[in-house]
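One-based numbering, in listed order, for ligands and for the atoms of each. Everything numeric in this text was worked out from a predicted model, so none of it was measured.
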Amino acid sequence: MSRIRIKALLSGQKKDGESIRVCGWLRSKRVNKNLAFLVLNDGSSQNDIQCIVDAGTRAYESLGECTIGAALTIDGVLKASPGKGQSWEVHCDKVEISAGSAEDYPLQKKGHTMEFLREIAHLRGRSNTFGAVFRVRNELSYLIHQFFQSRGFMWVHTPILTASDAEGAGEAFQVTNFDMENPPLTEKNKVDWSKDFFGKQANLTVSGQLNAEAMALAFGDVYTFGPTFRAENSNTTRHLAEFWMVEPEIAFADLHDNSVLAEEFIGFLFREIVAKCPDELAFLSKHFKGLTPKEIDDLGRHPFGRISYTEAVAELEKAGKDFEFPVKWGIDLATEHERFLSEEVFKKPVIVTDYPKDIKAFYMRLNSDNRTVAAMDILVPRIGEMVGGAQREERYDVLEQRMKDMNIPAAELPWYLDLRKYGGCQHAGFGLGFGRLVQYVTGMTNIRDVYPFPRSANSISF
Ligand code: 4AD
Ligand code: MG
């Protein structure tokens, strides 16, 4: 008999009285004189299935070996359940221990701290909380593809190995094939990178954007969705060294088109995830401080706030709050400012546009005021920045000058400048930090709890 997933079973795919096989991990067991109850979960659903074993059967005799955490294969008959809180139960004919579990299985008790669960990242997926988080994460990934594919966007696979630091923030991890104890040297006793694998220094990419731009200027509407890497040493609840980013890039489009796309995209994700994961989101909002499913759905049905950077700074100054980082025009907004704007001023996600050019990347289009660029960030309550994007500088001369001003040698990105020479029309795009989206939707306060195996400074176990 082939196994049926608990999710399928609970959704009514099998009828009362049908013989079935379920396979999963034992969450708890209760043994009485006449009956035993085994609570099984197979990862497909927020809900467990209760399996009932009659006394006097072979299965009942072997219950001693059914330890919590063991992998079980259960054959039995599906019955509508008279019990509260569950619609179906399985009356066991046979309970086979596919793999036992040692007595010191760490997930026996409820109420472990998130910090402890991080130390058992290899097992935490079997807890209710992480079961919910990772199922939501999976559905959001799928919805991202659904949204863009249904609109005719092409998914482009941008490289992970690159020679450029797209954001120019100097946070790229270097990749080398040298024996670092003994690298080849130049005549001047410097490391001779020309002898390294790629004939020059190479990095892990910080963003797929620059390559996505080239593809957008051939295919119109594209997106990348993959891992990016940043060696930022900031030990915060919203930064990782390895994180996934979704980066759409659209041709014949300006900043406004870009912001509308982002709003529609995120609105779609909010509405659809509530429909896809109602049990997970209900569980999470009950146990964590995040949004309720209804609140998430509502957010997806209303326009986001909109404000320019200059107006936002005025709002922050007007607030008269004692911020840790003082506010004045020209500063990069800190998390506390971003949170204040979204939590207190707008009470919802807000799109902030037109930041000072000096705090933004070289590729953003210079506005006619010569002091701001056509940038946009989307800030959300509790997290702050979730999206960063911009209309790109399509004018060859202006881009060349910006690169000079920011000490980015043209020789490093000749192809990127080339794109401006050959049909380089108006175009725009943004990057959405996937982990921050999952944080926002699940209510997890730490980004380490939305990646199965997070990587951050001094942490690369598992
Ligand atoms: O604002 P960022 O740096 O923008 C870019 O990388 C652009 N190239 C995107 C584009 O226009 N195609 O990063 C985009 C988003 C941020 O808003 C944030 O949500 C997330 O990526 N992010 C991180 N998430 C987790 N850990 C980190 N270290 C992150 N750095 C950025
Ligand atoms: Mg940013």
Under 4.0 Å to a heavy atom of [X] - the qualifying atoms of ligand 1, by number:
{"X": "Met245", "result": "6 (O), 13 (O), 14 (C), 15 (C), 21 (O)"}
{"X": "Gly389", "result": "11 (O)"}
{"X": "Arg392", "result": "10 (C), 11 (O), 12 (N)"}
{"X": "Ile447", "result": "25 (C)"}
{"X": "Glu247", "result": "7 (C), 8 (N), 9 (C), 10 (C), 12 (N)"}
{"X": "Val387", "result": "17 (O)"}
{"X": "Gly388", "result": "1 (O), 9 (C), 10 (C), 11 (O), 17 (O)"}

Legend entry - ligand 1 N/O within reach of Gln209 N/O, cut-off under 3.5 Å: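 Yes, since at least one N or O of Gln209 sits under 3.5 Å from an N or O of ligand 1.
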Legend entry - Heteroatom distance test (Leu240, ligand 1): nitrogen or oxygen, under 3.5 angstrom: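 Looking only at distances, the answer is yes, because the N/O contact criterion of under 3.5 Å is met.
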Inset, instruction - Please say whether more than 12 non-hydrogen atoms of neighbouring residues, nucleotides or ligands are located less than 6.0 Å from CZ in Phe252. - result: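 Counting other residues, nucleotides and ligands, CZ of Phe252 stays at 12 neighbours or fewer.
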Inset, instruction - Take atom CG of Asn138 as the centre, draw a 6.0 Å sphere, and report whether it contains more than 12 heavy atoms from other residues, nucleotides or ligands. - result: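 Yes, enclosed.
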Inset, instruction - Report yes or no: is the cationic atom of Arg365 (NZ for Lys, CZ for Arg) closer than 6.0 Å to the six-membered ring centre of Tyr363, at no more than 45° off its axis? - result: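 Checked: cation-pi criterion not met.
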Legend entry - Between Asp369 and Thr372: side-chain donor-acceptor atoms closer than 3.5 Å: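 There is such a pair (donor and acceptor under 3.5 Å, judged by atom type) between the side chains of Asp369 and Thr372.
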Where on [X] is there a heavy atom closer than 4.0 Å to ligand 1, on the side chain, on the backbone, on both, or on neither?
{"X": "Arg230", "result": "side chain"}
{"X": "Arg238", "result": "backbone"}
{"X": "Phe243", "result": "side chain"}
{"X": "Arg436", "result": "side chain"}

Distance check, rounded to the nearest 0.5 Å: [X] atom [atom1] versus [Y] atom [atom2]?
{"X": "Met386", "Y": "Leu379", "atom1": "CE", "atom2": "CG", "value": "10.0 Å"}
{"X": "Glu393", "Y": "His427", "atom1": "CD", "atom2": "NE2", "value": "9.5 Å"}
{"X": "Lys7", "Y": "Asp42", "atom1": "NZ", "atom2": "CG", "value": "11.0 Å"}

Inset, instruction - Name the orientation class of the two ring planes belonging to Phe225 and His145 (parallel below 30°, tilted from 30 to 60°, perpendicular beyond 60°). - result: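 Ring orientation of Phe225 relative to His145: tilted.
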Inset, instruction - Evaluate the ring planes of Phe265 and Phe147, with Trp represented by its six-membered ring, and classify them as parallel (under 30°), tilted (30 to 60°) or perpendicular (over 60°). - result: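 It falls in the tilted class, 30° to 60°.
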Inset, instruction - From the options Gln439, Glu171, Glu385, select the one whose nearest heavy atom is closest to atom 17 (O) of ligand 1. - result: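 Result: the heavy atom closest to atom 17 (O) of ligand 1 is in Glu385.
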Inset, instruction - Run the contact test for Tyr363 against ligand 1 with a 4.0 Å cut-off on heavy atoms, strictly below, and give the result. - result: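 The answer is yes, since Tyr363 has a heavy atom less than 4.0 Å from ligand 1.
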Legend entry - Side-chain donor or acceptor of Glu394 paired with backbone N/O of Cys425 under 3.5 Å: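 Not at all, since once roles are kept as given, no pair shorter than 3.5 Å links the two residues.
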Inset, instruction - Check whether any N, O or S atom of Glu385 sits under 2.8 Å from the Mg ion (ligand 2). - result: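 Here the distance criterion (N, O or S atom, under 2.8 Å) is met by Glu385, so yes.
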